[in-house]
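Letters A, B, ... are given to chains in the order of the sequence lines, protein chains preceding strands, and every chain is numbered from 1.
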Amino acid sequence: MMTSMTGRSDYTLELRGLETVFDGDKGAIAAVRNVNLAIKPGEIVGLVGESGSGKSVTGLSIMGLIDRPGRVSKGEILLNGEDLRKVPAKRLRALRGDRMAMIFQDPMMTLNPVLRIDTQMMEAITAHDPKIDKTIARNRCRDALGMVGIPDPEERLYAYPHQFSGGMRQRVAIAIAMLNNPDLIIADEPTTALDVTIQAQIIAEMQKLCKERDTALIWITHDLTVVAELTQRVYVMYAGSVVEEGPLDDILDRPLHPYTQGLIRSIPSDNEPGARLFQIPGMTPPIDRMPKGCRFHPRCPYVQLDCLNDVDLVEQGAGRHVRCVHPISQGEQIS
Amino acid sequence: MTAYLLRRGGQTILTLLVMSILVFVGVYLVGNPVDVMISATATPQERADLIMRMGLDQPVWVQYWHFLKGALSGDLGNSFLYNRPALGLIFERMPATLELAFSALFMGLVVGIPLGVVAGLRPSRPESRGIMAFSILGFSLPTFWVGLMMILLFAVKLDILPASGRGETVDVLGVPVSFLTLDGLSHIFLPALNLALFKISLVIRLTRAGVSEALQSEYVRFARAKGISEWRVVFLHVLKNTLIPLITVVGLELGALIAFAVVTETIFSWPGMGKLIIDAITTLDRPVILAYLMITVLMFTVINLIVDLAYTLVDPRVKIDGGSE
Ligand SMILES: Nc1ncnc2c1ncn2[C@@H]1O[C@H](COP(=O)(O)OP(=O)(O)O)[C@@H](O)[C@H]1O
Ligand code: SF4
Ligand SMILES: [Mg+2]
């Protein structure tokens with residue numbers, strides 16, 4: 001691990017005890033609680049969990065894009081060592097889109113339908129560099145489109161979003177996110193809405209681009225197979241908290257948390273096509289009806305009485321953390 | 001584009017034909033214009049002369065045939081009442097009505113859009129609640145009552161604005177307009193506001209709905225993620241999407257404005273087509289009724305054309321010859 005001379009952090013992004021709540025009639029209800037996460041330059045980490053586990057809220061909290069009635073209520077969000085919760089709004093806006101960028105799930109909805117692609121690209125540059133020469137900025141837009149594999153980029157700058165396919169639109173969104181060469185990109189299920197071939201292409205391209213530019217990438221997904229192709233490290237989220245964290249291979253080989261095990265078991269297997277797919281029984285609870293103690297206990301096959309006490313995320317072996325009183329031991333591993 | 005224009009033209013001609021037949025038959029069934037016009041003391045001879053002069057002695061289909069022939073050469077016949085070309089009468093009065101309608105439309109947009117944006121951006125703020133309360137009033141109060149109240153307040157009690165007439169006008173391209181002189185402006189203000197009240201309320205609601213929908217959209221979130229100013233998010237990303245439903249309504253409502261102008265014109269003695277057409281209907285002055293309706297149909301066609309063109313300017317997904325892709 002390198003040590004920074006400037007007093008800046010080794011990490012591109014560090015979350016310390018992040019809590020994001022939504023204010024409602026019943027008071028503030030946490031959608032994300034006590035999330036710790038760290039990512040270095042050039043690293044790709046996965047943020048995995050079923051729908052409703054708080055992945056998007058985590059991503060939006062980092063970007064400062066949580067809208068009322070939501071708000072980040074606790075913790076530190078350190079981007080290159082700078083706490084985004086403490087900086088003035090103006091500074092946050094300067095960082096957003098410049099040092100950190102986000103891509104969203106539905107490529108059909110991400111681009112403004114009534115604005116031309118060049119308008120939507122140029123503004124991402126001029127917002128951070130108002131005096132830039134227009135031709136230079138334009139060339140950068142064109143190059144960014146070419147870089148993500150859009151044919152005839154010069155011409156396509158004049159197109160409108162509806163003239164692109166879903167996959168191409170997501171590429172445009174990626175190009176926009178990368179325009180200012182950010183240190184961090186948060187990709188919130190960007191390939192979920194696309195078909196498998198295009199998904200694989202885009203994943204491969206993102207991987208390459210981030211490696212070349214030393215960009216830290218947080219890839220949010222509910223799909224462990226995507227994570228398996230892409231990341232070195234994963235955070236597994238359930239009901240607003242990280243329940244397991246560690247190197248990808250270790251986690252896939254030997255999950256410690258019963259929830260992670262359930263996620264792995266529900267991956268369709270190539271070896272036994274047609275086999276009945278496993279599903280974790282039950283559903284992610286809504287944020288205003290969280291179970292006491294371990295929030296997974298109503299769905300856990302290993303639940304015991306002491307699971308009703310609060311559980312902390314504890315270190316369990318090299319680089320691994322798990323939030324479970326009875327982590328799965330070697331003998332219980334089933335794959 | 002050519003196919004589109006041809007189709008639009010064909011539709012308009014068909015509409016004009018059907019409408020003129022209906023008016024002919026309608027007026028024929030309702031009564032004899034001569035009975036309305038001629039004095040009770042006229043001799044049978046005078047009466048017969050008049051009927052002949054107006055061509056009313058012929059079968060209705062012959063009359064219609066004469067009308068059609070005239071119409072093709074741009075002559076819609078003379079008014080029974082004034083014995084002057086009906087078209088000329090309409091054209092004399094039309095500028096006043098159009099000026100009133102467009103002024104009201106302008107007010108509706110200029111007042112309605114900003115208020116709608118405010119209400120959409122911060123729905124729970126007191127000023128937004130005030131705006132919405134105002135729009136409910138604008139919807140529910142009858143136009144004529146509000147008009148009378150306006151006259152009472154501004155013309156009678158405060159005596160700061162005139163209550164009737166067009167005031168001083170200047171000619172623009174041969175058409176007299178009021179809004180370019182201070183006196184004319186003071187005359188048009190109250191009737192235009194009266195007519196605009198409903199539109200302002202409507203535009204407020206549409207804009208507010210559009211703004212709050214756009215604010216929750218993913219493209220606004222993505223725009224914010226780029227770090228662009230909130231000002232640009234609202235006035236470019238949000239507002240341009242909000243304009244789409246507004247254009248539709250403006251197109252539809254312009255027609256309604258011209259029609260409703262009749263009420264406002266009556267209250268404020270505005271010398272527009274309103275009084276002319278009401279008189280024409282009560283006296284069964286068929287050529288004037290026909291001319292009025294034909295001009296109105298043509299006007300609607302032009303408005304629709306402009307609306308369609310405006311669409312293609314704002315919404316790139318709309319193509320002029322085939323609707324949405
Ligand atoms: N604007 C909001 N208001 C209230 N609750 C919200 C809002 N956005 C998200 N939530 C809740 O927060 C939880 C986590 O949501 P999210 O982060 O979108 O899940 P994920 O992205 O993992 O599918 C969900 O229970 C969701 O209902
Ligand atoms: S703490 Fe208990 S209930 Fe929760 S996951 Fe572990 S074993 Fe299951
Ligand atoms: Mg999500």
Other residues, nucleotides, ligands: >12 heavy atoms within 6.0 Å of [X] [atom1]:
| X | atom1 | value |
| --- | --- | --- |
| B/F139 | CZ | yes |
| B/E230 | CD | yes |
| A/E205 | CD | yes |
| A/R213 | CZ | yes |

Among the listed options [options], the residue most often paired with chain B at heavy-atom distances under 4.5 Å:
| options | result |
| --- | --- |
| A/A94, A/P182, A/A124, A/P161 | A/A124 |
| A/I176, A/I103, A/N180, A/D98 | A/I176 |
| A/H128, A/R93, A/R68 | A/R93 |

* Taking every heavy-atom pair that is under 4.5 Å apart, which of B/L236, B/D315, B/V220 has the most such pairs with chain A? -> B/L236
Tell me, side chain or backbone of [X] under 4.5 Å from chain B's heavy atoms, or both, or neither?
| X | value |
| --- | --- |
| A/D106 | both |
| A/T119 | both |
| A/M63 | side chain |
| A/L95 | neither |
| A/F104 | both |

* Asked: Are any of the side-chain nitrogens in B/R221 or A/D188 under 4.0 Å away from the carboxylate oxygens of its partner?
  -> no
* **Passing candidate, side chain to side chain contact (heavy atoms under 4.5 Å, CB included) with B/K226, options A/Q120, A/R96, A/M102** => A/Q120
* **chain A contact via B/S229 - side chain, backbone, both or neither, heavy atoms under 4.5 Å** => both
* Asked: What part of B/I244 is in contact with chain A, defined as an atom under 4.5 angstrom from a non-hydrogen atom: side chain, backbone, both or neither?
  -> side chain
Considering all heavy atoms, the nearest [X]-[Y] contact:
| X | Y | answer |
| --- | --- | --- |
| B/F222 | A/A173 | CZ-O, 3.7 Å |
| A/A127 | B/G227 | CB-O, 3.8 Å |
| A/P113 | B/P316 | O-CG, 3.2 Å |

* Asked: After noting the C-alpha distance and the side-chain angles of A/L115 and B/Y219, does the key distance pass the side-chain contact (heavy atoms from CB on, under 4.5 Å) rule?
  -> CA-CA 11 Å; A/L115 297 178; B/Y219 60 77; over 6 Å; no
* Please assess B/H237 against A/V114 for the test side-chain contact (heavy atoms from CB on, under 4.5 Å), listing each intermediate value before the final yes or no. => CA-CA 8 Å; B/H237 288 265; A/V114 300; over 6 Å; no
* Supply the atom-to-atom distance A/L60 CG to B/R224 CZ, rounded to the nearest 0.5 angstrom. => 11.5 Å
